There are 2 protein chains.
Amino acid sequence: MLSKKTKYGLKALAYLASQENKQPRQISEIAEHENISQKFLESILLTLRKTGFLGSKKGKGGGYYLIKEPSEISMATVMRVLEGPIAMIACVSLNFYEKCDDCPDEKACSVNRLMLKVRDSNLDIYRNNTLADLI
Amino acid sequence: MLSKKTKYGLKALAYLASQENKQPRQISEIAEHENISQKFLESILLTLRKTGFLGSKKGKGGGYYLIKEPSEISMATVMRVLEGPIAMIACVSLNFYEKCDDCPDEKACSVNRLMLKVRDSNLDIYRNNTLADLI
DNA sequence: AATTACCCTATCGATTTAATAGGGTTTACA
DNA sequence: TGTAAACCCTATTAAATCGATAGGGTAATT
């Protein structure tokens, strides 16, 4: 299941991308508009700033704003930062690969094969959708 | 992430499907062959029996066996029983639909749109793969 | 009658999740 | 220059879930 962290993060990014001008938007404004706990959203936006998606401005009139164009923000990178691995199991993950303890031979594993198909198709979607496609 | 319950359940089904004859296979045999905790596997096989995938035979020479042909067992139904919803968020789920608390209008929701694409593609994979395709 | 093997319930430690609390620090602006 | 606005950061917590274990009960075969 998609975590609320990811859900809220995506909504916040979409909200920022839908703004006409690029003025900073306050946490409180985003939280209210998207019905998100303000404190929780605060930590999510912090993550998105540290990972290079958002910039921030302190003090009066401050807030968060997008650093890149929405069309240049791939859902694959956003999902990896907020949700973690795109693959459903580590043995088919590109960025978070890990071997299964119980599996002597991945190539002969039925679960591996099925989940590889799922990962491929999901990766395809995430790579071919940008923030601009969400709004 | 895929739960170990689902992973083990799929492996057990695949193991049973790969057998030449249809004699019952003991829990201990499956557990050993697939490197699964026997007690944990026991509860999983019980679930699969109650949901109509497996039959069981008690007493000496007993065990579990497939009720249907592997080619008639869709991954979609298996996944729903073991893992739960195929959708990553309830508001795009066919079998486990729920409205989001925070979302006033699903049709206008960016997360909803993205996750709908993901669900469609995953559903497509699960519906078009049977147990026979795993072995 | 004894053994085999499935059946069922309860419990538990570890981890994760979502949220809350409580402040600290920086900046803009009057 | 001081004060309020708004981001920054750490710690804590309640609840849920997961994976596994324990301990026995029941049915069927030989």
Side-chain angles (χ1 to χ4, degrees), chain A residues 1-12 16 23-51 53-67 81-85 88-90 96 98 100-102 111, chain B residues 1-12 16 23-32 34-51 53-67 82-85 88-90 96 98 100-102 111:
Chain A
M1 296 288 281
L2 197 74
S3 69
K4 294 204 172 179
K5 179 181 172 187
T6 304
K7 178 181 170 187
Y8 294 163
L10 284 173
K11 282 190 162 193
L16 290 175
Q23 293 306 303
R25 299 286 158 174
Q26 300 165 28
I27 295 176
S28 61
E29 176 188 340
I30 306 173
E32 192 173 351
H33 190 269
E34 301 294 337
N35 294 304
I36 305 173
S37 148
Q38 182 167 336
K39 276 290 193 179
F40 191 24
L41 179 61
E42 213 174 303
S43 71
I44 297 167
L45 294 177
L46 201 58
T47 300
L48 290 172
R49 184 185 63 81
K50 287 180 180 172
T51 47
F53 294 100
L54 299 179
S56 67
K57 194 180 169 191
K58 289 184 178 178
K60 200 168 189 177
Y64 282 98
Y65 53 91
L66 284 178
I67 282 183
V81 162
L82 292 174
E83 189 75 4
M88 289 189 76
I89 192 167
F96 300 83
E98 245 177 90
C100 290
D101 293 334
D102 55 301
V111 177
Chain B
M1 296 290 282
L2 197 74
S3 69
K4 293 204 171 179
K5 180 180 172 187
T6 304
K7 178 182 170 187
Y8 294 163
L10 284 172
K11 282 190 162 193
L16 291 175
Q23 294 306 303
R25 299 286 159 172
Q26 299 166 26
I27 295 177
S28 60
E29 177 189 339
I30 306 174
E32 193 172 350
E34 300 295 336
N35 294 304
I36 305 173
S37 148
Q38 182 166 335
K39 276 292 194 179
F40 191 24
L41 178 61
E42 214 175 300
S43 72
I44 297 167
L45 294 177
L46 202 57
T47 301
L48 289 173
R49 185 186 61 82
K50 287 182 179 170
T51 48
F53 294 99
L54 298 179
S56 68
K57 194 181 169 193
K58 288 185 181 180
K60 202 170 187 176
Y64 283 99
Y65 52 91
L66 283 178
I67 283 184
L82 293 174
E83 188 75 5
M88 289 190 74
I89 192 167
F96 301 83
E98 247 177 88
C100 290
D101 294 332
D102 54 301
V111 176

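What you see is a predicted model; the values in this text were computed from it and never measured. Values below: all heavy atoms of this structure, side chains included; hydrogens, waters and symmetry mates excluded.
- Across the protein-nucleic acid pair, A/Lys50 atom NZ and D/dC8 atom C1' stand 8 Å apart, rounded to whole Å.
- The CD1-C1' distance, from A/Ile27 to C/dT25, rounds to 14 Å in whole Å.
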- Could you run down nucleotides 11-16 of chain C 5' to 3' and tag each one B, S or - for protein heavy-atom contact under 4.0 Å? ------

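- In this structure, B/Arg49 reaches the C/dC8 phosphate: one of its side-chain N or O atoms is under 4.0 Å from OP1 or OP2.
- With salt bridges taken as basic N to acidic carboxylate O contacts below 4.0 Å, one links A/Asp102 and B/Lys7.
- The separation between B/Leu45 atom CG and C/dC6 atom P is 8 Å, rounded to whole Å.
- A/Arg25 places its CZ atom 19 Å from the P atom of D/dA5, with the value rounded to the nearest Å.
- Inter-axis angle, ends of the helix from C/dA1-D/dT30 to C/dA30-D/dT1, five pairs per end, rounded to 10 degrees: 10°.
- To the nearest 0.5 angstrom, B/Leu48 atom CG is 9.0 Å from B/Leu10 atom CG.
- Rounding to the nearest 0.5 Å places CD of B/Glu42 at 11.0 Å from CD1 of B/Ile30.
- Screening A/Gln26, A/His33, A/Arg25 for a side-chain hydrogen bond (donor to acceptor under 3.5 Å, both in side chains) with A/Glu29, the sole residue that qualifies is A/Arg25.
- Rounded to whole angstrom, the span from the CD1 atom of B/Ile30 across to the P atom of C/dA5 amounts to 12 Å.
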- Protein-to-nucleotide contact annotation, 5' to 3' order, nucleotides 14-30 of chain D [B base; S sugar-phosphate only; - none; under 4.0 Å, heavy atom]: -----SSBBBB--SBS-

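- Taking atom CG of residue B/Leu54 and atom C1' of nucleotide C/dA5, one finds them 15 Å apart after rounding to whole Å.
- No more than 12 heavy-atom neighbours from other residues, nucleotides or ligands sit within 6.0 angstrom of CD on A/Glu32.
- In this structure, the side chain of B/Glu83 engages the main chain of B/Ser3 through a donor-acceptor pair within 3.5 Å.
- Summarising the geometry, atom SG belonging to B/Cys100 is positioned 6.0 Å from atom NZ belonging to A/Lys11; distances are rounded to the nearest 0.5 Å.
- Rounded to the nearest 0.5 angstrom, B/Phe53 CZ and B/Leu45 CG are separated by 12.5 Å.
- Rounded to the nearest 0.5 Å, atoms CZ (A/Arg49) and CD1 (A/Ile67) are 9.0 Å apart.
- Taking atom OH of B/Tyr64 as the reference point, atom P of C/dA5 lies 13 Å away to the nearest angstrom.
- Summarising the geometry, the separation between CG on B/Leu46 and P on C/dA5 is reported as 17 Å, rounded to the nearest angstrom.
- Taken to the nearest 0.5 Å, the CD1 atom of B/Ile44 stands 7.5 Å off from the CG atom of B/Leu82.
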- Message: If you apply the rule side chain to side chain contact (heavy atoms under 4.5 Å, CB included), what do you find for A/Ile27 with A/Leu41, and how did you get there?
- Response: CA-CA 7 Å; A/Ile27 295 176; A/Leu41 179 61; 4.3 Å; yes

